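Here the structure comes first, spelled out in structure tokens, and everything after it is commentary.
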Amino acid sequence: MIEAFLDLLRIPTISTRDAAARDDAAFDAFHEALRRHFPRLHTLPVVRVSSHGLLFHWAGTSSDRPMVLMAHIDVVPVEGGWRHPPFGAVVEDGVVWGRGTLDCKGSLTAICQAVEDLLAAGHTPQQDVWLSFGCNEEVAGDAAPLAVEELRRRGVTPWLVLDEGGAVAYDAFPGVDKPIAVIGVTEKGVTSLELRVDGRGGHASTPAPLGPTARLARAVTRLDRAPMRASAPDATMELFRRAAPHARPAMRYALNTAVRSRALLTRLLIAAGPETAAMVRTTVAVTTLSGSPALNVVAATATAGVNIRILVGDTMEGVIRHVSRVIKDPQVRITVIDEGEPSPSSPLDEAFDLIAAVTAEHFPEAVTSPYVMMAATDARHFTKISERVYRFTPFEMTRKQRESIHASDEHITVDAYLKGVAWYRILVERL
């Protein structure tokens, strides 16, 4: 059952913002392999969106509460040293190694396999099922927004949307030995700014005080010293409420105490380090810097790129106001490069309960909980047409596996992949 997965992993569908550099032949080959491995799936009506996105429609006995299952075809470029060739799809000791195993050809292939199996069994879903496979998620491309517009044009209002996101996470929190199956009910917004300072430049032997680089450095330092206010969102409070009873005794006491107070839990997560601190505040990271092109030339222009992940409850307008107030220098120009508000929170109602129930059945040892997703997904676009947008990848992942996403040595166990196929199959059957 993993042959299709391995075949699709070997096709280097790498995303790039430069359309001229994109390997369309790889995406064409992916489509052809998908048709070859899943012939029954391709008897369903399908619409091509953007360059290589796909939107399948599986008609159910009713269209009152349609479901959308999402994944994306594209992967990020390869960097670093790999144990096995990144597009080799090598299977070693029950582990599949390769770019896209977790992000997110694993999800895409598992969805296709589940649908193929159900079609072979003559199953008709109780509700319409749509499969939305983007082709440029990794570069914040247009495939997902175009899929949303296509569904809107057809009058489809999804009852449930499920995209990649959380996982059955092992080693999730210190002192909690049980895996946590985290289902993203919202995600941070992503906004990028450019800070720019212009000056007269000149020879490095006669520098003027507070030139462009020094003024920019002061602005960056001020930003670094003034983080935004912190407050644990509702989903984060609920996550730790559910995890607390399963913690070891010392940690259990601390968590049980902290979850009684939003302020106390917030302080605890900030003190635990940058990874947990990011769960309770909007983060501001200076990621790129540029100045003079030569060591003996004073920069006439200095710029810094700022990547901001906006926590639910904050807004882009408020973040830019904070940045301007903290920098406190009119000579530092602030320009918005990309903008994105945090996604609205989806409810913990029967749609969430359906995902949680299937998860509890397949992963009975895990604690299932909502959470705030830190990264951006295509799911954020679907909040325009659905109130119930969730982010969950039904794969067991260790901390080491999660750290391999967008890094080297991305991998998944064969057993975890097959469990994921079964999970999607049951979800469709229970719809």
Side-chain angles (χ1 to χ4, degrees), residues 1-9 33-46 54-63 65-73 94 96 100-102 104-133 158-168 179 181-183 350-366 368 379 388 390-397 412-431:
M1 191 185 285
I2 69 166
E3 287 76 15
F5 182 33
L6 300 179
D7 197 14
L8 294 169
L9 285 172
L34 209 62
R35 280 192 294 270
R36 187 170 64 253
H37 288 291
F38 304 111
R40 294 180 181 86
L41 169 65
H42 283 81
T43 64
L44 302 178
V46 60
L54 298 170
L55 182 63
F56 291 91
H57 178 208
W58 188 10
T61 56
S62 171
S63 59
R65 302 204 303 179
M67 174 170 69
V68 179
L69 297 178
M70 300 177 62
H72 58 87
I73 296 167
V96 181
T101 47
L102 301 176
C104 95
K105 288 181 181 176
S107 299
L108 188 149
T109 314
I111 291 169
C112 292
Q113 188 67 61
V115 171
E116 188 79 4
D117 293 346
L118 289 169
L119 287 168
H123 179 78
T124 300
Q126 291 295 306
Q127 301 290 337
D128 280 7
V129 176
W130 295 81
L131 310 181
S132 180
F133 300 149
W159 176 71
L160 167 62
V161 177
L162 182 67
D163 196 5
E164 62 171 332
V168 182
V182 284
I183 301 169
E350 58 181 331
F352 179 90
D353 290 343
L354 171 63
I355 298 170
V358 176
T359 302
E361 180 177 325
H362 277 74
F363 307 101
E365 72 285 3
T368 303
R388 299 175 180 88
Y390 303 95
R391 303 145 185 90
F392 180 65
T393 303
F395 295 150
E396 295 165 309
M397 297 186 201
I412 187 173
T413 67
V414 172
D415 182 60
Y417 171 75
L418 295 178
K419 280 186 179 180
V421 173
W423 188 96
Y424 282 116
R425 192 165 55 237
I426 295 298
L427 180 69
V428 173
E429 288 179 334
R430 298 278 174 82
L431 183 62

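When reading the values below, keep in mind they use all heavy atoms of this one structure, side chains included, and skip hydrogens, waters and symmetry mates. A quick note: this is a predicted structure, and the numbers were derived from the prediction, not measured.
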(request) Return the set of residues passing side-chain hydrogen bond (donor to acceptor under 3.5 Å, both in side chains) with W159 (not counting sequence neighbours), or none when no residue passes. (result) none
(request) For the residue pair H37 and E3, confirm or rule out a side-chain donor-acceptor distance under 3.5 Å. (result) no
(message) Could you measure the distance from the CD1 atom of I412 to the CE atom of M397? Nearest 0.5 Å is fine.
(response) 6.5 Å
(request) Might you point out which heavy atoms bring F392 and V168 nearest each other, and give the distance in Å? (result) CZ-CG2, 4.1 Å
(message) Parallel, tilted or perpendicular: which one describes the rings of W130 and H57, with boundaries at 30° and 60°?
(response) parallel
(request) Can you see which heavy atom on D128 is nearest to which on G60, and at what distance? (result) OD1-N, 2.7 Å
(request) Apply the test side chain to side chain contact (heavy atoms under 4.5 Å, CB included) to residues W423 and I355: give CA-CA distance (whole Å), side-chain angles for both, the deciding distance (0.1 Å), then the verdict. (result) CA-CA 9 Å; W423 188 96; I355 298 170; 3.8 Å; yes
(request) For residues D163 and A379, report the shortest heavy-atom separation together with the two atoms involved. (result) OD2-N, 3.0 Å
(message) Please find the pair of heavy atoms, one from I73 and one from K105, that lie closest to each other, and give the distance.
(response) O-CE, 3.4 Å
(request) Under the ring-ring contact (aromatic ring centres under 6.0 Å, His included) rule, collect the residues that match up with F5, sequence neighbours excluded. (result) Y417
(request) Taking the side chain as every heavy atom from C-beta outward, state whether I2 and L418 have any pair of such atoms under 4.5 Å apart. (result) yes
(request) State, with a plain yes or no, whether a side-chain heavy atom of L131 is found less than 4.5 Å away from one of L54. (result) no
(message) What's the separation between atom CG in L69 and atom CZ in F56, rounded to the nearest 0.5 Å?
(response) 12.5 Å
(request) Show your reasoning for whether side chain to side chain contact (heavy atoms under 4.5 Å, CB included) applies to T109 and F38. (result) CA-CA 10 Å; T109 314; F38 304 111; 3.9 Å; yes
(message) Donor-acceptor pair, distance only, cut-off 3.5 Å: does the side chain of T61 make one with the backbone of Q126?
(response) yes
(request) Please examine the side chains of L160 and Q127, heavy atoms only from C-beta on, and report whether any two atoms are closer than 4.5 Å. (result) no
(request) Determine the minimum heavy-atom distance between V68 and P158, stating which atoms define it. (result) CG2-CG, 3.7 Å
(message) Rounded at 0.5 Å granularity, tell me how far NE2 in H72 sits from OG in S107.
(response) 8.0 Å
(request) Quick one: closest heavy-atom pair of C104 and E164, and the distance? (result) CB-OE1, 3.7 Å
(request) Check T393, L162, T368 against I183 for a side chain to side chain contact (heavy atoms under 4.5 Å, CB included) and give me the one that passes. (result) T368
Quick one: side chains of residues 115-124, donor-acceptor pairs under 3.5 Å with protein atoms, not counting sequence neighbours, listed by atom name and distance.
from, atom 1, to, atom 2, distance (Å)
E116, OE1, R40, N, 3.3
E116, OE1, L41, N, 2.9
E116, OE2, R40, N, 3.0
D117, OD1, Q113, NE2, 3.0
D117, OD2, R425, NH1, 3.2

(request) Start with the C-alpha distance between R65 and R388, add both sets of side-chain angles, then the distance that settles side chain to side chain contact (heavy atoms under 4.5 Å, CB included), and finish with yes or no. (result) CA-CA 11 Å; R65 302 204 303 179; R388 299 175 180 88; over 6 Å; no
(request) Show your reasoning for whether side chain to side chain contact (heavy atoms under 4.5 Å, CB included) applies to Y424 and V428. (result) CA-CA 6 Å; Y424 282 116; V428 173; 5.7 Å; no
